[in-house]
Amino acid sequence: MRAKDEWVRAILEDLVSAEASAHLAALPTERLWAAAVAQGYVTDAQVVAAVAERFRLGIAALDRIAPEAIEVLPEALARRYGVVPLTVTDTTIDVATADPLDLDCERTLAFAVGRTVRFRVAAPAALARRLDDLYPPRDDLRRFVRDMAGTYGRPSADAPAADRRDPSRLTDLGDRPLIQLVDRLIAEAVRCRASDIHLEPTESGVAVRHRVDGVLRQTMVVPPAVKDPLLSRVKIMAQLDIADRLRPQDGRMRVVVEGKGIDLRVSTLPAAQGEKIVLRILDQSTTVLSLEALGLLESESRALTTLLEARDGMVLVTGPTGSGKTTTLYSILQAIKARGVNIITVEDPVEYRLPGIVQVQVHEKAGLTFPSALRSILRQDPDVILIGEIRDRETAQIAVQAALTGHLVLSTLHTNDAASSITRLTDLGVEGYKIAAALKGIVAQRLVRRLCPRCKAPAPATVLPDHLRPYLPSDAEVRRAVGCDDCAMTGYRGRHAIHEMLTVGGDLPSRIASGEPIDRLLESAQADGMRSLWDSGIAHVIQGDTTLAELLRVLEAPPAPPPSVSPVSSVSSVPAGPRPVPSVTAVPHVVTPTDPSADRGLLVEADEPLRREMRDLLERDGFVILEARDGVHADDPADPRRPEAMNLTLHLPRRDAAEALQRLRAVLRRTRRSHV
């Protein structure tokens with residue numbers, strides 16, 4: 001076996017005896033330096049001194065490391081090459097290494113950090129310990145995975161041939177490290193307040209990602225040798241078929257984390273690199289099922305209370321997957337349960353167990369579908385029926401019929417807004433006059449991240465993009481995400497919902513019955529006081545619950561009101577109803593307000609969504625941004641304001657970036673400006 005550090009053999013021959021050198025030459029090892037130290041022939045200090053003298057390098061002082069050097073060198077590169085950053089300047093970075101001949105390391109680090117790399121010598125064992133000190137694995141999980149990586153993928157020669165061919169059979173051998181790995185992965189996700197764990201096979205192993213507050217974060221990559229045993233272990237715990245890797249499967253498991261029982265819903269999906277597994281964490285102790293916990297505004301709370309006073313009819317909760325519809329329905333059931341009524345639910349799956357409520361789990365293989373369960377439920381004398389989701393025509397018709405015969409029916413639909421739910425029911429084959437008679441109201445909702453109460457701070461005026469100013473009062477104090485230990489440096493902790501409450505009243509039932517289009521239905525609902533999802537989100541921004549950036553992550557901003565429309569002045573006065581669409585004029589630039597103290601920049605990008613994202617990022621840093629959509633408009637001499645910096649896409653419509661830059665320089669020379 002040829003050692004990876006074969007270059008050190010010549011140095012060791014000068015430090016050890018001939019017998020020791022011969023023994024090292026016959027010893028099968030990947031690391032000569034480590035083997036010589038382990039055999040007791042030399043010490044790390046002796047080898048470090050010899051290497052430093054041979055290559056005329058300094059010896060690294062691993063106890064004196066500049067914090068800015070750690071920030072400059074990414075952890076992934078430091079661990080890949082086994083190096084430790086020492087000090088950094090504007091032009092150089094000093095790095096401790098055990099292999100001063102690693103030219104690939106030198107070139108890669110120089111390219112990544114944009115500085116000249118200067119090596120210092122240190123022992124491999126000392127570098128490994130210092131790396132773990134500088135970049136500590138969270139809860140020692142990564143270190144645990146690295147230590148166990150060599151245990152798997154190498155069945156012993158005594159194992160049956162089937163076990164040697166199929167690494168997943170290792171899970172049947174009672175390997176404690178694998179069990180501990182799965183337990184730690186789940187415990188870490190629960191500690192991070194994750195709602196889902198994604199195990200995604202890749203060429204480099206299994207990427208472990210957590211969904212925290214609705215956003216996916218990659219936490220680690222499990223080595224390839226552990227991939228098959230890890231996925232098989234999860235499937236065994238969920239009582240799934242580990243031999244079937246070509247079909248999607250669903251299962252459940254229950255674990256105990258820190259003395260607390262937690263349910264997990266497991267879903268597998270065959271993919272190109274192997275099976276992807278998603279574990280939904282159902283921790284009822286962290287979910288408060290009450291109307292007060294939904295984060296409703298005062299007007300929304302009144303509208304929802306009015307809907308819950310109904311004794312019959314249908315109330316729908318709508319939104320995309322993961323928007324909290326089930327939590328809202330369960331909170332509504334908790335409020336209704338106080339009446340002493342018979343409540344029966346039919347769900348797929350039953351996510352949380354609610355005491356005092358009969359919950360039916362759909363089982364299609366056994367013939368227990370939504371329609372068949374509903375027919376049986378109607379013979380059980382129910383007062384309130386909850387349908388997990390209206391998916392097909394038969395379920396929709398039975399639900400509407402139950403709402404028309406004295407039952408209060410609660411259900412969900414997958415639509416973009418409240419008014420679209422009416423059109424969706426029509427598409428499913430329900431007659432308009434039945435919808436008008438049965439429907440009491442619709443709640444559309446989205447989830448936005450809540451600002452961390454510990455670190456949120458007022459945002460500078462320059463952070464507010466110009467196209468969003470009409471939605472906020474001039475004296476509104478917008479908050480921004482900062483980041484601290486409590487929120488894992490994200491600036492957000494937890495989520496709350498923004499709502500759109502549609503109450504069926506006024507002339508809306510007659511419009512529904514006559515089959516009028518969605519824009520006419522929306523017009524009637526807004527005239528009756530309905531406030532849109534965007535208006536609800538803006539109200540929460542004014543209250544300091546979330547940020548404009550988070551709101552734009554979830555929703556698309558509607559057309560801004562014209563200048564004649566005054567902005568809202570308080571949370572309670574957010575205008576309801578459709579916002580007028582301003583007239584569009586052919587202007588080459590979209591210019592933010594002039595600020596003499598701010599740096600101006602010209603952003604030239606043909607792709608409007610990308611241009612908008614880049615503009616928002618630059619405005620957050622305090623720039624006043626002028627925009628152009630192509631190379632022709634980039635050098636428009638009609639606007640006397642000129643930028644201190646430019647950002648141009650190379651290939652632009654009608655005139656490329658090079659020509660636009662030349663023409664702009666000519667314009668600047670004519671206007672006695674000396675630089676761009």
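Computed from a predicted model, the values in this text were never measured in an experiment. All values below were derived from every heavy atom in this structure, side-chain atoms included, with hydrogens, water molecules and symmetry-related copies excluded.
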Any side-chain heavy-atom pair from [X] and [Y] closer than 4.5 angstrom?
{"X": "Leu264", "Y": "Leu282", "answer": "no"}
{"X": "Ile377", "Y": "Val346", "answer": "yes"}
{"X": "Pro270", "Y": "Arg245", "answer": "no"}
{"X": "Tyr433", "Y": "Ser514", "answer": "no"}
{"X": "Arg446", "Y": "Asn416", "answer": "yes"}
{"X": "Leu508", "Y": "Leu502", "answer": "yes"}
{"X": "Ser195", "Y": "Ile281", "answer": "no"}
{"X": "Cys487", "Y": "Cys455", "answer": "yes"}

Check your understanding: Given the rule in the side-chain hydrogen bond (donor to acceptor under 3.5 Å, both in side chains) test, do Ser510 and Asp507 qualify, once you have shown the distances and angles that lead to the verdict?
Key -> CA-CA 6 Å; Ser510 61; Asp507 63 345; 5.4 Å; no
In Å and rounded to the nearest 0.5 Å, what is the [atom1] to [atom2] distance from [X] to [Y]?
{"X": "Leu413", "Y": "Ser420", "atom1": "CG", "atom2": "OG", "answer": "10.5 Å"}
{"X": "Leu240", "Y": "Asp250", "atom1": "CG", "atom2": "CG", "answer": "8.0 Å"}
{"X": "Leu439", "Y": "Met314", "atom1": "CG", "atom2": "CE", "answer": "7.5 Å"}
{"X": "Lys235", "Y": "Asp241", "atom1": "NZ", "atom2": "CG", "answer": "6.5 Å"}
{"X": "Leu521", "Y": "Glu516", "atom1": "CG", "atom2": "CD", "answer": "6.5 Å"}
{"X": "Leu231", "Y": "Arg233", "atom1": "CG", "atom2": "CZ", "answer": "13.0 Å"}

Between [X] and [Y], is there a donor-acceptor pair closer than 3.5 Å when you use the side chain of the first and the backbone of the second?
{"X": "Ser331", "Y": "Leu294", "value": "no"}
{"X": "Lys276", "Y": "Pro201", "value": "no"}
{"X": "His499", "Y": "Gln445", "value": "no"}
{"X": "Lys325", "Y": "Pro320", "value": "yes"}
{"X": "Thr268", "Y": "Gln249", "value": "yes"}
{"X": "Thr546", "Y": "Val448", "value": "no"}
{"X": "Thr345", "Y": "Glu347", "value": "no"}
{"X": "Thr547", "Y": "Arg480", "value": "no"}
{"X": "Lys337", "Y": "Pro355", "value": "yes"}
{"X": "Asp348", "Y": "Val350", "value": "no"}

Which residues satisfy the salt bridge (Lys or Arg N to Asp or Glu O under 4.0 Å) test with [X], sequence neighbours excluded?
{"X": "Asp545", "result": "none"}
{"X": "Arg449", "result": "Glu550"}
{"X": "Arg302", "result": "Glu298"}

Exercise for review: Fit a plane to each ring of His540 and His496, take the angle between them on a 0 to 90° scale, and name the class: parallel (under 30°), tilted (30 to 60°) or perpendicular (over 60°).
Suggested key: tilted
Kindly give the heavy-atom pair with the smallest separation between [X] and [Y], and that separation in Å.
{"X": "Ile242", "Y": "Ser232", "result": "CG2-O, 3.7 Å"}
{"X": "Val409", "Y": "Ala399", "result": "CG2-O, 3.7 Å"}
{"X": "Ser411", "Y": "Ile387", "result": "OG-O, 3.0 Å"}
{"X": "Thr503", "Y": "Ala303", "result": "OG1-CB, 4.5 Å"}
{"X": "Leu185", "Y": "His210", "result": "O-NE2, 4.4 Å"}

**Study point:** Partner of Ser421 under side chain to side chain contact (heavy atoms under 4.5 Å, CB included), chosen from Thr426, Val317, Thr318, Ile518
**Key:**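 Of Thr426, Val317, Thr318, Ile518, side chain to side chain contact (heavy atoms under 4.5 Å, CB included) with Ser421 is met by Thr318 alone.
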Point to revise | Passing option when Ile332 is tested against Leu410, Leu307, Val443 for side chain to side chain contact (heavy atoms under 4.5 Å, CB included) | key: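 Considering Leu410, Leu307, Val443, a side chain to side chain contact (heavy atoms under 4.5 Å, CB included) with Ile332 is found only for Leu410.
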**Study point:** Arg193 bridged to Asp213 by N-O distance under 4.0 Å
**Key:**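 A salt bridge is present here (some side-chain N lies under 4.0 Å from a carboxylate O).
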Review point. Can we say Glu500 and Arg531 salt-bridge, meaning some charged N sits less than 4.0 Å from an Asp/Glu carboxylate O?
Key: no
Practice item. Take Leu279 and Val234 through the test side-chain contact (heavy atoms from CB on, under 4.5 Å) and record every step on the way to the result. Key: CA-CA 9 Å; Leu279 296 87; Val234 174; 4.2 Å; yes
Check your understanding: Can you check side-chain contact (heavy atoms from CB on, under 4.5 Å) on Lys440 and Val504, steps first, answer last?
Key -> CA-CA 5 Å; Lys440 297 295 184 182; Val504 179; 5.9 Å; no
Check your understanding: What's the verdict on side-chain contact (heavy atoms from CB on, under 4.5 Å) for Leu333 and Ile343, showing C-alpha distance, side-chain angles and the deciding distance?
Key -> CA-CA 8 Å; Leu333 287 184; Ile343 302 175; 3.7 Å; yes
Revision key, fill the gap. Residues pairing under salt bridge (charged side-chain N to carboxylate O under 4.0 Å, His left out) where one sits in residues 379-390, two or more places apart or in two chains, turn out to be Glu389-Arg391
Review point. What pairs meet the salt bridge (charged side-chain N to carboxylate O under 4.0 Å, His left out) rule with one or both residues in residues 414-429, with sequence neighbours excluded?
Key: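 Pairs touching residues 414-429 that pass the test: none.
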Check your understanding: Going by atom types alone, do Ser536 and Glu300 pair a side-chain donor with an acceptor below 3.5 Å?
Key ->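 Checked: Ser536/Glu300 side chains pair up, N/O donor to acceptor below 3.5 Å.
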Exercise for review: Count the heavy atoms of every other residue, nucleotide or ligand shown that sit under 6.0 Å from CD of Gln361, and state whether that count exceeds 12.
Suggested key: yes
**Study point:** Worked verdict on Val384 versus Leu386 for side-chain contact (heavy atoms from CB on, under 4.5 Å)
**Key:** CA-CA 7 Å; Val384 179; Leu386 186 149; 5.8 Å; no
Point to revise | With sequence neighbours excluded, residues passing side chain to side chain donor-acceptor pair (under 3.5 Å) with Arg493 | key: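 Arg493: no side chain to side chain donor-acceptor pair (under 3.5 Å) contacts found.
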